[in-house]
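Read the structure below first, then the notes.
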Amino acid sequence: MSKSTGTTYDLVIFGATSFVGQILTQYLFESYGITGEVRWAIAGRSESKLSSLKSDLGTGAAELPVIIADATDDKALTSMCEQTRVVISTVGPYALYGEPLVKACVETGTDYCDLTGEVQWIRRMVERYEDQAKKSGARIVHCCGFDSIPSDMGVYFLQQQSEKTFGETCQDVRMRVKVAKGGLSGGTVASMINIAKEAAADPKLRKELANPFSICPPEHRSKVRQPSLKGAEFDKTFNAWLAPFVMGAINTRIVHRSNAMQNARYGKEFTYDEAMMTGRGTKGRLAAYGITAGLAGFFTASAIKPTRWLVEKFVPQPGEGPTPEDQKAGFYDIRFVGRTQDGKTMITKVTGDADPGYGSTSKMLGEAGMCLAFDIPAEQPGGFWTPASALSDKLLERLTSKAGLTFEVLETR
């Protein structure tokens, strides 16, 4: 059972003064206000920064409740969790700062969502706290931003449509990013650098990061080799060159966990991979090789101490990111091609109407939190879920009606 409704707040944004936290706060303020049916508050360690954030929101924000809590203060985190039904966390890198809050949520039976893309940290949290979350009723849902909602809910939508059209799910699904316009924030870069740093120091972790089922229950494995694009490749389905997609390492793991949490709804031998389209002809081919080399160079430089400082010097710092104008000008268009065991094919599309990492992520994260607070049954068990397995159709409705996403079937054959 989830926490009762006898709490002060429906949801609390922890880390409200972070780059994404500020965008998320603005979104909830504009979408739901502070005197309506949604009872919410902002939280963080700096009272002065939280007050400044309220001032920036404009008229009517003075009454927005504030909770003071530091990511390392267990007592303050527990107190915050006891006041709310749901916590939305934007405080990363989560591998460095996220565990105390997850622990507090699990202990108090408080639902939780975040926007982490750190698969090694998710695995640690599942191993340490899943049994306790099941007992307390806390529903923990990681990866509720651009990684991994478009991928996770995109596959969920495709499989739902495949069942309706073909009477069965697709055994193989490939996701291709057709276009994604947007910038990186310092927080995202810091998380990527930390993953590279951890992997360089731990051979066991490097092996784990290569395992597509690393966050699935031990009994959920496939004997079929999972596809994994390592370099430039031509895709005949979309007639375009492909390069590795930097978010694929986390998205594929979340999709496989969603399959596991839905009792292998997509099939026990389900295969899935992700890549980004770089175009056609020589230009597309060169772009694919260029992106492949660039990603390899970034992670190699981030893993080695003598060159890590150089990377950190020239990338955005925590708290920095795209301007509001750039966020609104951003967008993305993602394609999925699914094939059933007997060769039937379905192609679908997912689009977002803002910068993927920030403008769109803030809306997705906010609606995931709202979905946890208001839409899923109180009797849904506690534990570590995924967006598709925990929030499913209710989240699809919120994403399309409020968060600027579209889900569309393009072709069946």
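Panel note: side chain E118, backbone Y94; a donor-acceptor pair is recorded below 3.5 Å. Proximity of a side-chain donor or acceptor of R339 to a complementary backbone N or O of M346 within less than 3.5 Å is not detected. The main-chain N or O of F384 is found under 3.5 Å from a side-chain atom of R257 such that the two form a donor-acceptor pair. Looking only at distances, a side-chain donor or acceptor of T110 sits under 3.5 Å from a matching main-chain atom of C81. Side chain of E107 to main chain of T78: no donor-acceptor pair is present (N/O by atom type, distance under 3.5 Å, no hydrogens or angles). Put simply, the side chain of T90 gets close to the backbone of G15: a donor and an acceptor are under 3.5 Å apart. When atom types are taken as modelled, the side chain of S18 and the backbone of G21 share a donor-acceptor pair closer than 3.5 angstrom. Checked by atom type and distance alone, the side chain of N259 pairs as donor or acceptor with a backbone atom of G267 at under 3.5 Å. Checking side-chain atoms of D114 against main-chain N and O of S89 turns up no donor-acceptor pair under 3.5 Å. Side chain of S31 to backbone of Y27: a donor-acceptor contact under 3.5 angstrom is found.
Counting heavy-atom neighbours within 6.0 Å of R45 CZ, excluding the residue itself, gives a total of 12 or less. Around atom OH of Y97, no more than 12 heavy atoms belonging to other residues, nucleotides or ligands sit under 6.0 Å away. In the displayed structure, E269 atom CD is contacted under 6.0 Å by more than 12 heavy atoms of other residues, nucleotides or ligands. More than 12 heavy atoms of other residues, nucleotides or ligands shown are found within 6.0 angstrom of CD on E168. Sparse packing is recorded around CD of E37, with 12 or fewer heavy atoms of other residues, nucleotides or ligands lying under 6.0 Å away. No more than 12 heavy atoms of other residues, nucleotides or ligands shown are found within 6.0 angstrom of NZ on K394.
Taking CG from L115 and OG from S362, the interatomic distance works out to 9.5 Å, rounded to the nearest 0.5 Å. Atom CG in L372 sits 6.5 Å away from atom CZ in R139 (nearest 0.5 Å). Separating the CZ atom in F157 from the CG atom in D152 is a distance of 14.5 Å, to the nearest 0.5 Å. Rounded to the nearest 0.5 angstrom, T252 OG1 and N211 CG are separated by 10.0 Å. One distance of note links CG of L101 with OH of Y112; it measures 5.5 Å at 0.5 Å rounding. From Q171, atom CD reaches atom OG of S222 across 8.5 Å, with rounding to the nearest 0.5 Å.
The two residues S258 and S389 come nearest to each other via the heavy atoms OG-N, 4.2 Å. Taking both residues in full, the closest heavy atoms of A41 and I67 are given as CB-CD1, 4.4 Å, listed atom of the first, atom of the second, then distance. The shortest non-hydrogen separation linking A243 to T292 is CB-OG1, 4.2 Å. The two residues A275 and L229 make their nearest non-hydrogen contact at CB-CD2, 3.5 Å. Nearest approach of D273 to P227, heavy atoms of both residues: CB-O, 3.5 Å.
When side chains are defined from C-beta on, K178 does not count as touching I334, because their heavy atoms never get closer than 4.5 Å. Contact check for Y156 versus R265: side-chain heavy atoms found under the 4.5 Å cut-off. Within the 4.5 Å cutoff, the side chain of L405 has no heavy atoms near those of the L396 side chain. Residues E233 and W241 are not in side-chain contact: their nearest non-hydrogen atoms beyond the backbone lie 4.5 Å or more apart. A heavy-atom distance below 4.5 Å is not found between the side chains of I88 and V12. Counting heavy atoms from C-beta on, the side chains of L77 and F14 come closer than 4.5 Å. In this structure, the side chains of I254 and I215 come closer than 4.5 Å at one or more pairs of heavy atoms. The shortest side-chain heavy-atom distance between E408 and T348 does not fall under the 4.5 Å cut-off.
No hydrogens or angles considered: nothing links the side chains of N251 and Y272 as a donor-acceptor pair under 3.5 Å. Between the side chains of D342 and T340, at least one donor N or O lies within less than 3.5 Å of an accepting N or O. A donor-acceptor pair shorter than 3.5 Å can be found between the side chains of Q226 and H256. Between the side chains of T351 and D333, no donor-acceptor pair is found at a separation under 3.5 Å. Under the 3.5 Å distance criterion, with hydrogens and angles disregarded, a donor-acceptor pair is assigned to the side chains of S360 and Y332. The closest side-chain donor-acceptor pair between E99 and Y129 falls under 3.5 angstrom. There is no side-chain donor-acceptor pair under 3.5 Å between S48 and S51.
Taking the ring axis of F374 as reference, the NZ or CZ atom of R85 stays within 45° of it and closer than 6.0 Å to the ring centre.
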Take S228 and K230 through the side chain to side chain donor-acceptor pair (under 3.5 Å) test and state the conclusion after the steps.
CA-CA 6 Å; S228 180; K230 302 297 185 184; 3.3 Å; yes
For side-chain contact (heavy atoms from CB on, under 4.5 Å), just list the numbers for D353 and T406, CA-CA rounded to whole Å, side-chain angles, deciding distance to a tenth of an Å, and then say yes or no.
CA-CA 9 Å; D353 67 351; T406 68; over 6 Å; no
Step by step, would you call H142 with W121 a ring pair (Phe, Tyr, Trp, His ring centres under 6.0 Å)?
CA-CA 10 Å; H142 296 299; W121 178 71; 5.1 Å; yes
Check the pair S148, V255 against side-chain contact (heavy atoms from CB on, under 4.5 Å), reporting the backbone distance first and the verdict last.
CA-CA 8 Å; S148 301; V255 168; over 6 Å; no
From CA spacing to verdict: salt bridge (charged side-chain N to carboxylate O under 4.0 Å, His left out), K402, E397
CA-CA 8 Å; K402 295 179 178 294; E397 292 173 14; over 6 Å; no
Assess the residue pair D355 and K181 against the criterion (side-chain contact (heavy atoms from CB on, under 4.5 Å)); give the C-alpha distance rounded to whole Å, side-chain angles, the decisive distance to 0.1 Å, and a yes or no.
CA-CA 6 Å; D355 170 87; K181 181 183 178 184; over 6 Å; no
With side chain to side chain donor-acceptor pair (under 3.5 Å) as the criterion, how do Q22 and Q26 come out once you've worked through the C-alpha distance, each side chain's angles and the decisive distance to 0.1 Å?
CA-CA 6 Å; Q22 294 177 57; Q26 183 79 44; over 6 Å; no
For the pair I149 and C143, evaluate side-chain contact (heavy atoms from CB on, under 4.5 Å) and give the outcome as yes or no after the intermediate values.
CA-CA 7 Å; I149 278 181; C143 302; over 6 Å; no
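Residues K49 and E47 are not paired through a salt bridge, judged by the lack of any N-O separation under 4.0 Å between the basic side chain and the carboxylate. Ionic pairing of K363 and E367 is not present here: no N-O contact between side-chain nitrogen and carboxylate oxygen is shorter than 4.0 angstrom. Between D56 and K54, none of the side-chain N atoms (NZ, or NE/NH1/NH2) sits under 4.0 Å from a carboxylate O, so this pair counts as no salt bridge. Between E274 and R174, no side-chain nitrogen of the basic residue sits less than 4.0 Å from a carboxylate oxygen of the acidic one, so the salt-bridge criterion is not met. Between D235 and R176 there is a salt bridge, with a side-chain nitrogen of the basic residue lying less than 4.0 Å from a carboxylate oxygen of the acidic one.
Screening V141, L391, D111 against W385 for a side-chain contact (heavy atoms from CB on, under 4.5 Å) leaves a single residue, V141.
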